[in-house]
Amino acid sequence: QVQLVESGGGLVQAGGSLRLSCAASRRTFITYAMGWFRQAPGKEREFVSAISWSGGNTVYADSVKGRFTISRDNAKNTVYLQMNSLKPEDTAVYYCAAKLQSGETSASSYPYWGQGTQVTVSS
């Protein structure tokens, strides 16, 4: 099992930026595709972005394309989500997740999850 811990959330004004991090508690030789999801109160968890195990391929939800950037540092077992031009509708708990294969972006396809970090964007 992969243990994941998110950090970097907080309160920010609309138009501002935040950088989220997701670190594995233990280093592993197994390669994982990584994803970011978010969930607002009363709503289902939705896909935000994903990155392949090599970092060479990235995918973004249309709602964040051009504003968010996903990256990873395999030497540190850490994935990042740089969030720029934040909007109030970006307010949610953000979760990182891991799986062995990339390609499908549904939450149910990711067996490993962090506990989430709160992002609040004020208007």
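Nothing fancy with the numbering, it's 1 onward along the sequence. Please read these numbers as outputs of a predicted model, since none were measured by experiment.
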Who passes side chain to side chain contact (heavy atoms under 4.5 Å, CB included) against [X], sequence neighbours left out?
X	result
Ser85	Arg67
Ala98	Leu4, Tyr32, Met34, Tyr112
Glu104	Lys99, Ser106, Ser109
Ser7	Ser21

Would you kindly confirm whether [X] and [Y] end up in one hydrophobic cluster when ILVMFWY residues are joined by side chain heavy atoms under 4.5 Å apart?
X	Y	result
Trp53	Ile70	no
Leu11	Met83	no
Leu81	Val5	no

* To do: Determine which pairs satisfy disulfide (SG to SG under 2.5 Å) with at least one residue from residues 82-123, sequence neighbours left out, and list them in order.
  =>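 Qualifying pairs, neighbours excluded: Cys22-Cys96.
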* To do: Could you tell me whether the side chain of Arg45 and the main chain of Ala40 form a donor-acceptor pair under 3.5 Å?
  =>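 It does not hold such a pair.
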* Quick one: does Thr117's side chain have a donor or acceptor within less than 3.5 Å of a partner on Gly9's backbone? ->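 Yes, the answer is positive, given that a donor and an acceptor are paired below the 3.5 Å cut-off.
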Which residues share a side chain to side chain donor-acceptor pair (under 3.5 Å) with [X], sequence neighbours left out:
X	result
Asn57	none
Glu89	none
Gln82	Asn84

* Hydrophobic side-chain clustering at under 4.5 Å (ILVMFWY, transitive links): who's grouped with Tyr95? Put none if nobody. =>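 Members besides Tyr95, by chain and number: Phe37, Phe47, Val59, Val93, Tyr110, Trp113.
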* How about Leu18 and Leu86: do any of their side-chain heavy atoms sit closer than 4.5 Å? ->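 The answer is yes; the side chains approach within 4.5 Å.
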* State, yes or no, whether a side-chain contact exists between Ile51 and Val79 at a heavy-atom distance under 4.5 Å. =>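 Ile51 reaches Val79 side chain to side chain.
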* Asked: Between CZ of Arg19 and OG of Ser17, what distance do you get to the nearest 0.5 Å?
  ->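 Those atoms lie 12.0 Å apart.
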* Can you tell me how far CD of Gln118 sits from CD of Glu6, rounded to the nearest 0.5 angstrom? ->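 If I round to the nearest 0.5 Å, the distance is 12.0 Å.
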* Which residues pass the salt bridge (charged side-chain N to carboxylate O under 4.0 Å, His left out) test with Lys43, sequence neighbours left out? ->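 In terms of salt bridge (charged side-chain N to carboxylate O under 4.0 Å, His left out), with neighbours along the sequence ignored, Lys43 is linked to no residue.
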* salt bridge (charged side-chain N to carboxylate O under 4.0 Å, His left out) partners for Arg38, two or more places apart ->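 Here the qualifying residues are Glu46, Asp90.
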Please report the shortest heavy-atom distance between [X] and [Y], naming the atom on each side.
X	Y	answer
Val48	Val64	O-CG2, 3.6 Å
Leu20	Trp36	CB-CH2, 3.7 Å
Pro88	Ser123	CG-CB, 3.9 Å

* **Summary of ring pair (Phe, Tyr, Trp, His ring centres under 6.0 Å) pairs that have at least one residue in residues 55-93, sequence neighbours excluded** =>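 Qualifying pairs: none.
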